[in-house]
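For reference, the structure discussed in these notes is given below.
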Amino acid sequence: MGDDGGGRTKMLLTLLALAAFNDPVTIFTGVEIGDSPQEVARVMSGTLSDISGKPGSQMYFGQDGHVLFCNGRAVSIQRKVGRDLHAYTDSVQDKTADLGEPTMTAHHYRSAAGEISTLSAEWDIGENIVYSFGVIATAAGPIEVNEQLAVTGFPCQ
């Protein structure tokens, strides 16, 4: 397996750093960044699908969330944590006490599906490692609150 200009090497180094990293957050018990789809399937029921137009990318869909894979390794773990603003603010408040002040972002835009608003609290918890809580509100349905642990800058993005 050759190097693609540093992308695979960078991902490998990030995954090795994660193996030694004392992770302060757990999204799904037994599921970690760097796991293979087979390792995730042993502890989380769901289905694995290739992502169209993104070579090397797969998504494992579980009942309460999903895991994104790049070249056979988990690079993002996301879980649904609630459907109201209280779930979001409680989660952010709890993690702020543990991890310090987050970087906050807010977006509002229009799409073919209608108006979409998002709010995110994000913590850099290691080199190329981000932990976040996000809330999305659309015209199509109720608010959805998600928790995510992700590697940034991996080559499948």
Side-chain angles (χ1 to χ4, degrees), residues 3-46 48-49 51 54 56-109 116-138 143-157:
D3 190 88
D4 62 345
R8 288 181 191 216
T9 301
K10 181 179 177 183
M11 183 176 153
L12 178 61
L13 291 173
T14 299
L15 292 173
L16 289 172
L18 281 168
F21 180 65
N22 185 12
D23 184 6
V25 296
T26 299
I27 307 294
F28 290 108
T29 301
V31 178
E32 298 179 7
I33 295 291
D35 282 354
S36 69
Q38 295 80 13
E39 290 170 315
V40 170
R42 281 195 282 269
V43 295
M44 180 178 167
S45 62
L48 183 66
S49 299
I51 298 176
K54 292 197 176 236
S57 295
Q58 295 176 302
M59 184 82 71
Y60 189 88
F61 294 95
Q63 181 176 353
D64 295 322
H66 64 267
V67 179
L68 176 65
F69 295 92
C70 176
N71 297 322
R73 294 293 167 196
V75 293
S76 174
I77 305 165
Q78 185 170 326
R79 176 178 73 100
K80 298 173 193 169
V81 294
R83 290 206 168 270
D84 61 41
L85 193 56
H86 303 300
Y88 176 78
T89 55
D90 287 346
S91 298
V92 170
Q93 184 175 344
D94 290 346
K95 284 302 176 185
T96 298
D98 293 341
L99 302 174
E101 288 296 320
T103 300
M104 301 294 296
T105 57
H107 297 283
H108 178 242
Y109 54 96
I116 300 172
S117 293
T118 63
L119 183 60
S120 178
E122 189 172 285
W123 295 264
D124 291 322
I125 59 172
E127 188 173 338
N128 297 327
I129 306 166
V130 174
Y131 177 70
S132 63
F133 278 100
V135 62
I136 184 168
T138 67
I143 289 175
E144 186 171 298
V145 181
N146 293 298
E147 173 184 36
Q148 181 177 27
L149 181 64
V151 175
T152 60
F154 54 88
C156 291
Q157 288 183 324

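With sequence neighbours excluded, the residues satisfying side chain to side chain contact (heavy atoms under 4.5 Å, CB included) with S49 are F61. In this structure, the side chain to side chain contact (heavy atoms under 4.5 Å, CB included) partners of V130, at least two apart in sequence or on a different chain, are E122, D124, T152. In terms of the side-chain hydrogen bond (donor to acceptor under 3.5 Å, both in side chains) criterion, residue partners of E39 (sequence neighbours excluded) are, by chain and number, S36. Qualifying side-chain hydrogen bond (donor to acceptor under 3.5 Å, both in side chains) partners for S76, counting only residues two or more places apart in sequence or in other chains: Q148. Every residue meeting the side chain to side chain contact (heavy atoms under 4.5 Å, CB included) condition with T118, not counting sequence neighbours, appears here in chain and number order: H107, I116, I136. Q63 pairs by the side-chain hydrogen bond (donor to acceptor under 3.5 Å, both in side chains) definition with nothing, not counting sequence neighbours. A search for side-chain hydrogen bond (donor to acceptor under 3.5 Å, both in side chains) contacts involving H108 returns E115, not counting sequence neighbours. The ring pair (Phe, Tyr, Trp, His ring centres under 6.0 Å) check on F69 picks up nothing, with sequence neighbours excluded.
A150 and I33 get closest at one heavy-atom pair: CA-CD1, 4.3 Å. Across all their heavy atoms, E101 and W123 have their closest contact at C-NE1, 3.8 Å. Here the closest non-hydrogen pair linking G30 and V43 is O-CG2, 3.6 Å. The shortest heavy-atom contact between A87 and S91 is O-OG, 2.8 Å. V92 and A121 make their closest contact through CG2-CB, 3.7 Å (heavy atoms, listed as atom of the first residue, atom of the second, distance). S45 and Y60 get closest at one heavy-atom pair: C-OH, 3.5 Å.
Here the side chains of I27 and Y131 are in contact, with some heavy-atom distance below 4.5 Å. Side-chain contact between L68 and I51 is present, with at least one heavy-atom pair separated by less than 4.5 Å. You'll find the side chain of V81 reaches within 4.5 Å of the side chain of F133, heavy atoms only. Side-chain contact between M104 and S120 is absent, with no heavy atoms from C-beta onward closer than 4.5 Å.
For residues 79-88, the set of pairs meeting the side chain to side chain donor-acceptor pair (under 3.5 Å) definition, not counting sequence neighbours, comprises R79-E147.
Between atom CG of residue D98 and atom CD1 of residue I125 there is a gap of 11.0 Å, rounded to the nearest 0.5 Å. Distance check, rounded to the nearest 0.5 Å: CG of N146 to OG of S132 gives 8.5 Å. For the atom pair CG of L48 and CD of Q38, the computed distance is 8.0 Å after rounding to the nearest 0.5 Å.
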